[in-house]
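First the structure, in the form of structure tokens, and then the observations on it.
Every chain is numbered from 1 and lettered A, B, ... according to where its sequence line falls, protein lines coming before strand lines.
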Amino acid sequence: VSDCYEPVLQRGLNNRYRVLEVRAAQRNGREPEKHLTVTPSPSLEDTELCVLRDGWDSVPVVPGDIIHLEGECSSGTWIINEQSGYLVLYPDLLLSGTTIASSIRCMRRAVLSEKFRRSESGSRQMLVGTILHDVFQQAVTNNLAREKVEELANKTVYGQKYLKEMYLLNLKQKEIMQEVEEYLPSFHKWAEDFMHNPANQNKMQLKLSSNGKVDDLSSRIEIVDILDIEETLWSPRFGLKGKVDVTASVKIHCQSGVQSRIMPLELKSGKESNSIEHRSQVILYTLLNLERRVDPEVGFLIYLKTGTMYPVSGTRMDRRELMKLRNQMAFYLMHGTCKSTVGRKQTQLAALPPIIDDSQACKYCSQLHNCFLYSRAVEQKMASVSLPPAMVPVIEKETQHLKPSHLEYFSLWYLMLSLELQSGESKKGSKNIWMIPSLEREKAGDCVGNMIRIGQVQEIYEGQYLHCFQRKNGAIPITNLLVGDRVVVSGEENGLLGLATGYVREVAVSNIYCLLGRNLSKLAKNTVFRLDHEEGNCGIGVPLENLSKLMEDTPVSEKLRNLIIDFRKPCFIQHLSSVLPPEAKETVANILKGLNKPQKQAMKQVLLSKDYTLIVGMPGTGKTTTICALVRILSACGFSVLLTSFTHTAVDNILLKLAKFKVGFLRLGRAQKVHPDIQKFTEEEICRSKSIKSVTDLEELYNSQPVVATSCMGVNHPIFVRKQFDFCIVDEASQISQPICLGPLFSSKRFVLVGDHQQLPPLVQNAEARDLGMSESLFKRLEQNQNAVVQLTVQYRMNSKIMSLSNTLVYEGKLECGSEKVSKATVNLPNLKQLKLDLADSSKMWLKEVLEPDTPVCFLNTEKAGCKPSDIGIISPYRHQLKTITDLMVRLKENRVEVNTVDKYQGRDKSIIIVSFVRNSHDENLGSLLKDWRRLNVAITRAKHKLIMVGCVPSLCRYPPLEKLLCHLQSEAMISFFLFHIKCSIL
DNA sequence: ACTCTGCTGAGAGGA
């Protein structure tokens with residue numbers, strides 16, 4: 001754990017201790033205790049003792065762990081026992097109230113729900129519950145006046161907010177409205193009892209402390225004011241987070257007088273169970289409230305069906321037991337993997353919390369599939385894991401459709417994804433928001449602090465509020481925050497963490513506009529805010545979900561398992577006539593006219609395919625054109641097409657072309673991320689312009705276009721649950737990791753992957769995961785089935801000299817130029833003659849400058865030669881090198897030359913490309929970036945007319961791919977001293 | 001041995 005968890009140690013309110021030693025001890029010779037040696041100092045000196053008693057000794061803490069201690073510390077000793085103190089394990093991992101509440105019955109399920117979020121697919125009751133919450137929350141701020149409630153219910157059910165969910169569950173607005181209406185009388189009953197006429201109320205028992213002791217008070221409750229709705233609370237003290245339905249100012253009328261408190265109210269629309277789960281949620285909310293205000297001690301459960309309200313006291317005992325559960329949960333979440341004890345230090349998957357012995361409860365569990373799958377694929381081999389005997393046949397039955405190869409694929413990918421997640425977590429994570437002051441984070445550009453809110457908050461869409469923030473003193477510092485980025489808004493002072501999340505709308509000189517999920521206008525006017533860049537959850541959610549889905553017992557998943565895991569040969573039909581409708585023949589023939597031979601071959605292959613086709617798009621071979629033609633042909637034949645890629649940019653590239661041919665399509669995904677010219681095709685825009693407010697209209701929109709386009713990660717959209725496409729096309733497929741690429745495939749009958757495995761593979765941060773094969777794309781994996789592969793070999797980018805490099809190195813001479821014109825094209829430099837004269841005079845000076853050790857970067861100024869700076873691209877494998885080059889360019893006041901990484905330039909081209917290889921040392925340490933011939937291949941295939949490479953030949957020769965390149969260059973006499981370039985034009 | 005794009009997400013009920 002300590003490998004990937006870089007903590008900030010400190011004393012004080014949010015104290016963080018590192019555990020140095022754990023000793024088991026006994027008190028009075030029998031009571032078990034644990035003694036921890038802990039330290040708040042990074043240098044590991046300055047130790048303190050922490051004594052765990054009365055059951056706290058069972059906390060699964062080991063040396064190296066980070067803990068938070070709550071309670072009293074006297075003379076360097078903490079005592080955590082029955083009466084006082086808390087130990088919070090991995091406190092920077094915030095667990096939600098519902099997560100902990102659900103772990104009471106089955107911790108395994110709670111852990112699985114954290115990993116497989118989407119498996120809880122939602123139900124009618126859940127949707128009705130959400131809507132009822134919404135209506136009640138809006139109504140309660142209006143005192144639940146009768147007509148108002150009816151109006152709000154109508155507005156909510158017949159508004160646009162829940163249309164997607166209704167579509168997903170195939171529900172009618174009318175049905176929902178009927179169900180909602182049944183609850184409304186109870187809303188009034190509750191308001192009468194607790195807001196308007198509290199005097200008529202039956203008394204209830206509350207445990208409240210006064211003068212140091214806890215009294216059981218018989219009281220009447222009066223809700224005086226509603227202070228907040230859906231208040232978000234993050235508590236880095238208790239390692240908890242949550243959203244409180246209603247935060248209310250409450251008067252407690254009891255014999256001894258009246259007390260006022262701010263308390264959490266929790267709404268429930270289901271059965272009036274007053275269950276432990278429900279009560280636990282409320283208790284955790286009382287704990288969360290400590291972040292912002294005086295301990296409320298009590299919260300309330302409101303059952304909307306009947307309008308009854310139960311008090312829930314957050315007693316010491318309940319809080320203590322829930323915190324112990326939280327610690328156990330945290331342990332399992334942080335220990336998803338473990339290092340093997342024998343042999344090489346390989347990482348293995350760890351066991352999940354044990355399967356409970358309650359087949360009745362399991363019957364309805366939404367995580368059943370994942371639970372049994374993990375048991376079979378991962379835990380079965382572990383000697384330490386034993387199953388409840390009654391569950392053995394049940395698990396067997398649930399997983400019998402899976403072969404050993406499938407289970408292996410699952411556990412390998414689960415492991416690799418877990419490793420990758422750990423690598424991501426160490427760098428990112430929301431903990432920086434509370435552990436690092438805004439001023440310090442500003443330096444890295446990840447945060448803007450010292451902001452106040454100005455102007456009115458505008459509700460742009462339902463539940464989306466536009467806020468304007470202004471720097472308290474002066475201009476906004478240089479920041480990475482960009483339009484469309486996710487932000488977390490917190491108060492600068494303690495206790496106001498995670499107030500709201502949303503998106504950046506606009507960054508101006510002194511203002512930042514954010515679209516937030518909550519309205520912050522109720523906070524004190526002088527509240528000082530910080531805006532933190534949300535770094536994301538490292539996104540293994542989607543791939544894990546896809547992996548789980550691949551293992552389901554459905555025909556679609558079975559087919560994909562056969563093709564992908566077991567390499568079943570893809571099948572093709574014999575004759576085009578059976579797929580090509582007669583009426584489409586002419587249109588198709590016309591489209592084919594504009595294509596070259598291999599492109600035509602690709603079209604044919606796709607049309608004949610029953611499973612999949614792989615299109616190898618070598619550099620410059622017109623991938624976008626080909627995909628565009630493919631979509632046109634498929635839609636002319638009456639097929640529906642799902643068009644995806646990993647990035648929004650790649651999707652929009654194709655759509656921009658497609659739009660010219662007047663092929664209709666629907667673009668899904670957040671409009672902010674979509675190309676401006678494509679935005680009018682997005683669901684968001686269409687819904688707004690047509691003001692779609694009914695499920696029927698929405699369904700019509702979804703069915704209106706046979707072509708739907710989105711990013712691979714965007715396939716969580718409800719449309720993909722209900723619709724099946726004839727073809728799915730995945731662009732950039734060689735750059736997408738397998739479990740992400742799977743996503744769109746579930747919603748189509750057959751698929752086409754477009755890519756080039758000779759170019760860069762998916763990015764994997766974790767070295768161990770990479771060694772296990774995580775960077776193998778689905779494209780690469782399936783490429784061994786050569787009968788499914790078509791190669792696009794005719795390229796229109798590079799002239800013949802430039803093309804020859806990559807042809808020799810990588811493509812075995814398969815690449816050819818599309819025309820004589822392409823082959824002979826050179827860069828156009830109108831002022832070359834004059835420049836040559838100039839250089840003749842000053843050439844020595846120039847060379848001298850290059851030689852000068854104090855000039856590590858040489859910018860080749862082609863200004864005088866007269867080519868457009870925008871025709872030049874400078875690329876390098878290293879980001880730092882680009883920073884240096886950019887800084888130099890800024891000094892030269894030149895910002896039109898594009899400077900970027902090789903990786904980012906994949907898929908792009910320029911007339912002139914300058915590659916800076918950087919490496920210039922005899923250091924033993926060769927860095928892995930230049931060892932990858934795929935990166936080199938990308939680098940040398942970006943230029944259309946002129947490729948200039950800069951580097952130290954002896955240093956670079958130690959990298960095998962570069963050695964091969966340099967050998968070739970040498971034999972072609974293409975190397976010059978200091979600067980070597982390809983002589984397709986003379987400089 | 002430095003390459004980076006996607007993702008709302010806590011809680012909506014059911015036993």
Side-chain angles (χ1 to χ4, degrees), chain A residues 94-99 101-102 105-106 113-114 117-118 120 122-134 162 165 230 232-234 240-245 266-271 273 275 277-278 281 305 358 360-366 424 427-428 486-488 498 500-503 516-517 534-543 545 645-650 669-670 673 710-716 732 735-737 740 743 760-765 767 770 775 876-882 901-904 906 923-932 934-935 938:
Chain A
L94 307 188
L95 298 184
S96 75
T98 41
T99 295
S102 79
R105 192 176 287 263
C106 175
S113 300
E114 287 284 298
R117 299 193 155 269
R118 280 210 321 119
E120 337 259 311
S123 64
R124 174 205 181 90
Q125 290 94 326
M126 278 164 146
L127 177 57
V128 172
T130 311
I131 293 173
L132 281 166
H133 271 68
D134 197 345
Y162 299 103
E165 278 107 319
E230 295 280 305
T232 357
L233 293 158
W234 290 4
L240 297 175
K241 64 183 166 189
K243 279 187 175 180
V244 178
D245 283 336
E266 170 64 21
L267 311 178
K268 294 290 171 197
S269 58
K271 272 192 194 140
S273 64
S275 64
E277 279 91 339
H278 289 175
Q281 226 177 315
K305 212 173 232 169
D358 185 350
Q360 201 57 30
C362 296
K363 215 190 310 189
Y364 303 97
C365 178
S366 51
K427 286 181 210 147
K428 300 174 179 180
R486 296 267 314 162
V487 275
V488 180
T501 55
Y503 300 98
L516 304 176
E534 197 183 64
E535 287 143 326
N537 47 7
C538 311
I540 74 157
V542 173
E545 209 64 60
S645 176
F646 189 47
T647 61
H648 290 294
T649 335
R670 271 182 44 225
K673 293 275 179 187
T710 189
S711 73
C712 272
M713 303 276 262
V715 292
N716 277 349
E732 296 183 318
Q735 284 195 88
I736 311 175
S737 81
I740 292 177
L760 286 163
L763 188 94
V764 177
Q765 295 177 53
R770 211 163 37 229
S775 59
S876 165
Y878 304 98
R879 195 149 269 293
H880 274 285
Q881 175 76 352
L882 298 173
T901 56
V902 173
D903 297 56
K904 276 210 159 190
Q906 179 153 334
D923 201 338
E924 287 287 295
N925 235 340
L926 288 176
S928 66
L929 289 196
L930 284 175
K931 282 185 192 155
D932 196 329
R934 291 167 295 197
R935 186 167 283 107
V938 172

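- Considering only the side chain of A/L929, B/dC2 comes nearest among B/dC4, B/dC2, B/dG14.
- Side chain of A/R105, nearest nucleotide from B/dA10, B/dA12, B/dA15: B/dA15.
- If you check B/dA10, B/dG14, B/dT3 against the side chain of A/K241, the one that comes closest is B/dA10.
- Taking atom CD1 of residue A/I740 and atom P of nucleotide B/dC7, one finds them 10 Å apart after rounding to whole Å.
- At least one side-chain nitrogen or oxygen of A/H648 sits closer than 4.0 Å to the OP1 or OP2 atom of B/dC7.
- Results of the side-chain contact (heavy atoms from CB on, under 4.5 Å) test with A/D245 over A/K268, A/H133, A/Q281 single out A/H133 as the only residue that passes.
- Using a 4.0 Å heavy-atom distance criterion, A/D932 is classed as making no nucleic acid contact.
- A/M126 places its CE atom 8 Å from the C1' atom of B/dG14, with the value rounded to the nearest Å.
- From A/L95, atom CG reaches atom NZ of A/K241 across 7.0 Å, with rounding to the nearest 0.5 Å.
- Between A/E534 atom CD and B/dG9 atom P there is a gap of 6 Å when expressed in whole angstrom units.
- A/S269 comes within 4.0 angstrom of the backbone, heavy atoms only, and of no base.
- The phosphate of B/dA12 has neither OP1 nor OP2 within less than 4.0 Å of any side-chain N or O from A/S123.
- For A/M713, the listed nucleotide lying nearest its side chain is B/dG6; candidates were B/dG14, B/dG6, B/dC4.
- To the nearest angstrom, C1' of B/dT8 lies 11 Å from CH2 of A/W234.
- The separation between A/Y503 atom OH and B/dC7 atom P is 9 Å, rounded to whole Å.
- Counted by atom type alone, A/E732 and A/T647 present one or more donor-acceptor pairs between their side chains at under 3.5 Å.
- Rounded to an integer number of Å, the gap from A/L127 CG to B/dG13 P is 11 Å.
- In the set B/dC2, B/dA10, B/dG6, B/dC2 carries the atom at the smallest distance from any side-chain atom of A/Y878.
- Secondary-structure annotation of DNA chain B gives no stems, with a stem taken as at least 3 successive Watson-Crick or G-U pairs whose two distances both fall under 3.5 Å.
- Between the CD atom of A/Q765 and the C1' atom of B/dC2 there is a distance of 10 Å, rounded to whole Å.
- Look at CG on A/L760: it is 13 Å from P on B/dT5, rounded to the nearest Å.
- Nucleic acid contact for A/Q281: sugar-phosphate only, since backbone atoms but no base atoms lie under 4.0 Å from a heavy atom of the residue.
- Comparing B/dA15, B/dT8, B/dC4 by their nearest atom to the side chain of A/T501 picks out B/dT8.
- Nearer the 5' end of DNA chain B, as judged by each residue's closest nucleotide, is the contact made by A/S876, out of A/S876 and A/K243.
- Closest contact between the side chain of A/S711 and the listed nucleotides B/dT3, B/dG11, B/dG6 involves B/dG6.
- Between B/dA15 and A/K363, no contact under 4.0 Å exists linking OP1 or OP2 to a side-chain N or O.
- If you check every strand for non-hydrogen atoms under 4.0 Å, A/S273 touches nothing.
- Distances were taken from every side-chain heavy atom of A/D903 (C-beta onward) to each of B/dG13, B/dC4, B/dA10; the shortest belongs to B/dC4.
- Side-chain proximity of A/H133 to B/dA12, B/dT3, B/dA10: nearest is B/dA12.
- Residue contacts for A/E266: at a heavy-atom cut-off of 4.0 Å it reaches the sugar-phosphate backbone alone, with no base atom in range.
- Contact annotation: A/K904 side-chain N/O to B/dT5 OP1/OP2 distance is under 4.0 Å.
- Under 4.0 angstrom from either OP1 or OP2 of B/dG11 there lies at least one side-chain N or O belonging to A/T98.
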